[in-house]
Amino acid sequence: MALLPILVYPDPRLHTVARPIAQVDDRIRRLADDMLETMYDADGVGLAATQVDVHERLIVIDTSSERQAPRVLVNPEIVWRSEALSTAEEGCLSVPQIYDKVERAAQVRVRALGRDGHPYEFDADGLLAVCVQHEMDHLMGKVFVEYLSAFKRDRIKSKMKKRYPESVRAR
């Protein structure tokens with residue numbers, strides 16, 4: 001396994017829409033394993049392939065407190081969203097040390113292929129629902145700061161350009 005460089009906002013590659021994965025093969029499983037290692041090393045709970053400059057529909061998530069329940073979502077889609085909304089503070093490995101509140105659906109149902117290539121569905125609420133929606137946004141080329149005011153977004157953009165002039169987070 002290998003640690004992958006994480007793109008930093010406002011890198012334009014973060015706005016690339018990911019394409020579907022045709023087949024879950026050894027390359028995809030290796031990428032998922034590398035993404036999990038990268039996510040754990042960066043102390044994150046989710047990571048989309050877009051964030052490591054791979055523009056395919058792959059997400060890894062682990063919201064467990066012991067970091068022992070990794071999820072691999074290939075070609076994920078949200079098939080249902082609750083009408084009820086929830087506001088939670090979010091952060092992002094591509095926007096290090098920046099946190100702000102974002103409103104999202106309180107519950108979602110997700111359909112995806114697993115690491116084994118088999119389809120599965122699950123319902124999510126709480127942190128898992130936030131994480132799934134946040135990572136799905138990445139696959140659509142959207143970063144959580146785009147939910148914030150233009151003023152906040154501009155301040156964050158300036159901060160990130162000063163901290164990370166290379167637009168890749170040093171590992």
Side-chain angles (χ1 to χ4, degrees), residues 1 3-4 6-9 14-21 24 28-148 152 156 169:
M1 293 199 302
L3 292 178
L4 304 171
I6 299 172
L7 299 178
V8 176
Y9 179 80
L14 287 168
H15 299 294
T16 304
V17 175
R19 62 188 174 279
I21 293 170
V24 180
I28 295 299
R29 284 187 282 276
R30 194 170 32 259
L31 176 58
D33 291 344
D34 290 348
M35 287 172 59
L36 282 164
E37 183 178 359
T38 301
M39 178 189 76
Y40 289 136
D41 182 71
D43 200 26
V45 295
L47 186 67
T50 301
Q51 294 174 270
V52 294
D53 202 20
V54 176
H55 304 286
E56 295 179 275
R57 295 186 60 77
L58 176 63
I59 292 171
V60 296
I61 293 174
D62 189 345
T63 58
S64 67
S65 57
E66 299 298 317
R67 316 297 275 161
Q68 84 294 356
R71 292 176 187 258
V72 173
L73 289 77
V74 177
N75 296 332
E77 57 181 313
I78 295 175
V79 296
W80 174 82
R81 295 175 196 270
S82 66
E83 290 184 27
L85 300 175
S86 177
T87 301
E89 189 167 82
E90 294 187 25
C92 181
L93 296 178
S94 290
V95 193
Q97 302 170 354
I98 302 293
Y99 302 90
D100 213 317
K101 294 186 184 307
V102 176
E103 185 177 70
R104 298 186 184 273
Q107 298 173 302
V108 294
R109 180 169 299 123
V110 181
R111 181 180 301 140
L113 300 177
R115 189 179 185 284
D116 59 6
H118 293 108
Y120 72 107
E121 280 190 22
F122 64 94
D123 292 329
D125 60 9
L127 177 59
L128 182 55
V130 169
C131 190
V132 165
Q133 293 172 85
H134 177 109
E135 301 308 331
M136 293 283 295
D137 277 353
H138 278 299
L139 297 182
M140 298 307 297
K142 187 171 186 175
V143 181
F144 92 98
V145 297
E146 293 171 50
Y147 289 98
L148 308 178
K152 282 186 178 180
I156 292 167
R169 187 172 172 181

Pairwise distance [atom1]([X]) to [atom2]([Y]) - rounded to 0.5 angstrom:
X	Y	atom1	atom2	result
Asp53	Ile6	CG	CD1	12.0 Å
Thr50	Leu139	OG1	CG	5.0 Å
Gln51	Met39	CD	CE	11.0 Å
Phe144	His134	CZ	NE2	6.5 Å
Asp33	Thr38	CG	OG1	10.5 Å
Arg111	Ile78	CZ	CD1	12.0 Å

For the pair [X] (side chain) and [Y] (backbone), establish whether a donor and an acceptor sit closer than 3.5 Å, ignoring hydrogens and angles.
X	Y	result
Gln133	Ala105	yes
Ser82	Ala106	yes
Asn75	Ile21	yes
Ser94	Leu7	yes
Asp62	Ala69	yes

For a quick test of reading the model, state the closest non-hydrogen atom pair linking [X] to [Y] and the distance between them.
X	Y	value
His138	Cys92	NE2-SG, 3.4 Å
Val130	Ala88	CG2-CB, 4.0 Å
Cys131	Thr63	CB-CG2, 4.2 Å
Ala124	Leu128	CB-CG, 3.7 Å
Leu36	Pro70	CD2-CB, 3.7 Å

Any side-chain heavy atom of [X] sitting closer than 4.5 Å to one from [Y]?
X	Y	answer
His55	Val17	no
Lys152	Val145	no
Asp100	Ile98	no
Glu121	Glu77	no
Val110	Arg71	no
Arg67	Val45	yes
Leu31	Leu4	yes
Leu3	Glu37	yes

Would you check, one step at a time, whether the test side-chain contact (heavy atoms from CB on, under 4.5 Å) holds for Met136 with Val108? CA-CA 12 Å; Met136 293 283 295; Val108 294; over 6 Å; no
So among Leu47, Asp34, Leu73, which one has a side-chain contact (heavy atoms from CB on, under 4.5 Å) with Val60? Leu47
With under 30° as parallel and over 60° as perpendicular, where do the rings of Phe122 and Tyr120 fit, or are they tilted in between?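 Parallel: the ring planes of Phe122 and Tyr120 meet at under 30°.
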Can you tell me if Gln68 has over 12 outside heavy atoms packed within less than 6.0 Å of its CD? yes
Within a radius of less than 6.0 Å around CG of Asp116, do more than 12 heavy atoms belonging to other residues, nucleotides or ligands occur?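 Yes - once you tally the heavy atoms of other residues, nucleotides and ligands closer than 6.0 Å, there are more than 12.
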Does Lys142 count as lying over the ring of Tyr147, i.e. NZ or CZ under 6.0 Å from the six-ring centre, within 45 degrees of the axis? yes
